[in-house]
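Chain A is the first sequence line, chain B the second, and so forth, proteins listed ahead of strands; every chain is numbered from 1.
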Amino acid sequence: MHPALQGVITIMFGIGGCLGYFYLANLVLDKFIFPPRLDDRGKNINRANLVRPWLFLAPAVFALGLYLAYPVFETLRLSITDRSLEGAFVGIQNYRQMASEAKFWEAMRNNMLWLIVVPATSTAFGLLAAQLTDRIAWGNIAKSLIFMPMAISFVGASVIFKLIYDVRPASNEQIGVLNAVWLQFEGGIGSFLFLTLLPAILLLGFATIVVYTVWIVLQPIVTGRKNTGWLAKAVQVALSGFGLYLAVLALLNVWRIFGAELEYGKPQTWLTLPFWNSFFLMVVLIWIQTGFAMVILSAALRGIPEETIEAAIVDGANPFQVFFRIKVPQIMGTIVVVWTTITLTVLKVFDIVFAMTNGQWQTQVLANYMFDKLFRANDWGVGSASAIIIMLLVTPILVWNVVNARKEMK
Amino acid sequence: MDNIAGRKSALVWVVHISVALLILLWLFPTVGLFVSSFRTADQIATSGWWASLGEVEQNLVLRAADPDEFRVERNGRYYVEGNLFQEGVEAEISAWGTSSRAISKYQPGDVADLKKGETITVDASGNYTWSGPENRMKGRGQRVFVTARTPPDFTFANYDKMLFDETNIEGMTKAFFNTLTVTIPATIIPIVIAAFAAYALAWMNFPGRAVLIAIIVGLLVVPLQLALIPLLKLHLSIGIGKGYLGVWLAHTGFGLPLAIYLLRNYMASLPRDIIENARVDGATDFQIFVKIILPLSFPALASFAIFQFLWTWNDLLVAKVFLIDATGETTVMTNRIVELLGTRGGNWEILATAAFVSIVIPLVVFFLMQRYLVRGLLAGSVK
């Protein structure tokens, strides 16, 4: 049968089947099982209304259970059994084997890097874009253009960026933008300004913003002005510690930038440069996710009551103070949502690495490692074990979401 | 709000310029792909796509017309006249030559002596006059090397080849229709299932409702990576195997949490009066749902439909696991492109065209339905 025909039939069956199911199930319930007749009319109507929600829910609950809940437990079971031993229980053997593989630790390391860089950069760019575009008349057009990469597949984006990173021998003209720009630098004053001073200033700026944020977070705790729970305090202190660590790291790297020797005049194969190539892959995801962050944060910025900003300006706050001390604290909740949503995307990122490097040259990430184990090495044990690792990394966000959703319901 | 307390206008210009730069930076990659898909392999290999937007200076080897056919005799001398460029091409020659060792020996309008009474002259727009005695004016047309500035030159040949050439086994047409076949049922079916469930969760009272909602919020973030092996095993054991049915079911299952979540939130915000009035008038839940809730929920349905459409159209992983078998007959566009990246890594005219074919439909949907997409995003990110 032709697939298109099959598709049409499936749509008809799917929709017709669903509607038919709901209609008939309601009919059967009302007319035959609990008919509102005779003496127990009221009782029967009540009984029918007790069952009805489950009629409406049944297909969804069945699909959710089979396609999302059951696999979690089945994967857990697979991760502690061995396929080649006909599914015998092997305990943590698979995990032990996974932990002994260098490629796994490489994937973990890269994933951690992705988890820091991509959400932070996307959120920061998104916030910047939202703040800038909200002030101008043509902001909506600007927004929709920055938002556009959301519609492009990871694979399509990979092709787009592979063209940017393309490399030709030094004797030919470069057709990749990055190399064409790179070859413009010859070690003169321009190179110093753009490749040494600018990154150094950016790093310093980053460190300053981090320290400033940490200060804002810690101030109420240090001065004891705000009484929050000890758990919130502990989380804040831990995050602040991590922020300070990043700031110190940034400052140390400023020195390295001034000492670095760059290979001017040589076209670079960007995707094989150790360590940096991961960043070139991250750029693809940042490019896609910034629009998402911008849209959500822009809505949040618009929701800030104007009186708070006016009051701050009347009190003599400068634009930076207005932004960091008035606006950002009020949209903190939204920033966290954006951050966690992007974090989830990062944890699942597969297509970009698969299409661009397939994990070679030390760019492996967990999702691609898992795919590799499952479908190329055919090792279901280790593959499932790495899937469980991804699940574990997601769990804190899962719990946080559920707790928040329950709070909102009340 | 920015005007109070007298803000400076200089800052406004900084904002305008920064936004413009940001947009340029964000558009540049996509435009590069788009432009490249309209260039020939030679053009792509010899210059960056950004160079093709303006006039390009190129060194070309051209040939005068066939003397045996076109020569005319005047006063005992034979002449061939014409234009070196094909009809419709407008180029400006800055220098030319008749030997590969001296390709820019002459200026436009100079007369080149080709020995034994044979001469040729070429002007800036490519018109030439080539003349000589009868014994010299035969065989092939005279070769001319020119350095010319040619205007931007684009072609549809890549699209012709990737979409309409039936002999091209790398063509995208089949994959395009396969993707479409995956996408449409995988978008519509979860909507129907989710809408009923969302109605029950929003407007029916029953024990366990809150728990169910919490579970759905939890399932929202479960990585689908966990589902790959268990479900593939299941599909193989119950006879669905790898194919469209499997991929439709998988996409339906993976899309449901978001669908239920979005629709429930939207339906719960509908005014209570409407539903209670209908109940008082004797409408059953089924009637309320079909006649009142469903039409009112159109914006939320549209939001989810766009999400699911973009996600299924752009998906690679689910298709690879549940759909594409060893024959490769059911390959989708994303998978095709990854294959091309492996086999045709340097052939950018093929890659760019294939990639653009795959992203054009999502882009159109995106720009047409952006309003709903934004609304869905705002409602869908767990607050």
Which atoms of A:Leu66 come close to chain B, meaning under 4.5 Å heavy atom to heavy atom: side chain ones, backbone ones, both, or neither?
-> both
Side chains of B:Pro257 and A:Leu64: does their closest heavy-atom pair fall under 4.5 Å?
-> yes
Under 4.5 Å to a heavy atom of chain B? For A:Leu398 that would be both
So, for A:Pro53 and B:Met204, which heavy atoms are closest and what is the spacing to 0.1 Å?
-> CA-SD, 3.7 Å
Could you tell me whether the side chain of B:Leu228 reaches within less than 4.5 Å of the side chain of A:Met370, counting heavy atoms only?
-> yes
Under a 4.5 Å heavy-atom cut-off, does chain B meet the side chain of A:Leu132, its backbone, both or neither?
-> both
Look at atom CZ of B:Phe177 and say whether more than 12 heavy atoms of other residues, nucleotides or ligands are closer to it than 6.0 Å.
-> no
What one should report as the nearest heavy-atom pair of B:Leu226 and A:Thr75 is O-OG1, 2.6 Å
Closest non-hydrogen atom pair, A:Ile160 against B:Leu33 = CG1-CD2, 3.7 Å
Chain A contacts, top residue of B:Met333, B:His16, B:Arg209 (heavy-atom pairs, under 4.5 Å) = B:His16
Toward chain B, the part of A:Phe147 with a non-hydrogen atom under 4.5 Å | both
Using a cut-off of under 4.5 Å on heavy-atom pairs, state which of B:Ile193, B:Ile260, B:Val182, B:Leu234 scores highest against chain A.
-> B:Ile193
Less than 6.0 Å separating the ring centroids of B:Phe28 and A:Trp287?
-> no
Does B:Leu316 reach the side chain of A:Phe154, with side-chain heavy atoms less than 4.5 Å apart?
-> no
Contacting moiety of A:Asn358, where chain B heavy atoms sit under 4.5 Å | neither
Among B:Gly32, B:Ala250, B:Ala194, which has the most heavy-atom pairs under 4.5 Å with chain A?
-> B:Ala250
Do the two ring centres, one from B:Phe286 and one from A:Phe56, sit under 6.0 Å apart?
-> no
Write down the atom of B:Val338, the atom of A:Ala355, and the distance for their closest heavy-atom approach.
-> CG2-CB, 4.2 Å
So do the side chains of A:Met148 and B:Thr30 get within less than 4.5 Å of each other, counting heavy atoms only?
-> yes
To the nearest 0.5 angstrom, please state how far the NZ atom of B:Lys320 sits from the CZ atom of A:Phe371.
-> 5.0 Å
For the residue pair A:Glu74 and B:Lys233, what are the closest heavy atoms and their distance?
-> OE2-NZ, 2.9 Å
Could you look at A:Val403 and say if it's the side chain, the backbone, both or neither that has a heavy atom under 4.5 Å from chain B?
-> neither
Residues in side-chain contact (heavy atoms from CB on, under 4.5 Å) contact with A:Thr308, at least two apart in sequence or another chain | A:Ile304, A:Pro305, A:Ile326, A:Gln330
Counting heavy-atom pairs under 4.5 Å to chain A, which of B:Pro29, B:Gly253, B:Ser18 comes out on top?
-> B:Pro29
What part of A:Tyr70 lies closer than 4.5 angstrom to a heavy atom of chain B: side chain, backbone, both or neither?
-> side chain
With a 4.5 Å limit on heavy-atom distance, are the side chains of B:Ile23 and A:Trp138 in contact?
-> yes
Write down the atom of A:Ser144, the atom of B:Phe367, and the distance for their closest heavy-atom approach.
-> OG-CE2, 3.8 Å
Given a strict heavy-atom distance threshold of 4.5 Å, which part of A:Ile146 is in contact with chain B: side chain, backbone, both, or neither?
-> both
Please determine, among B:Ile184, B:Val374, B:Ile216, B:Leu249, the option with the most heavy-atom pairs under 4.5 Å with chain A.
-> B:Leu249
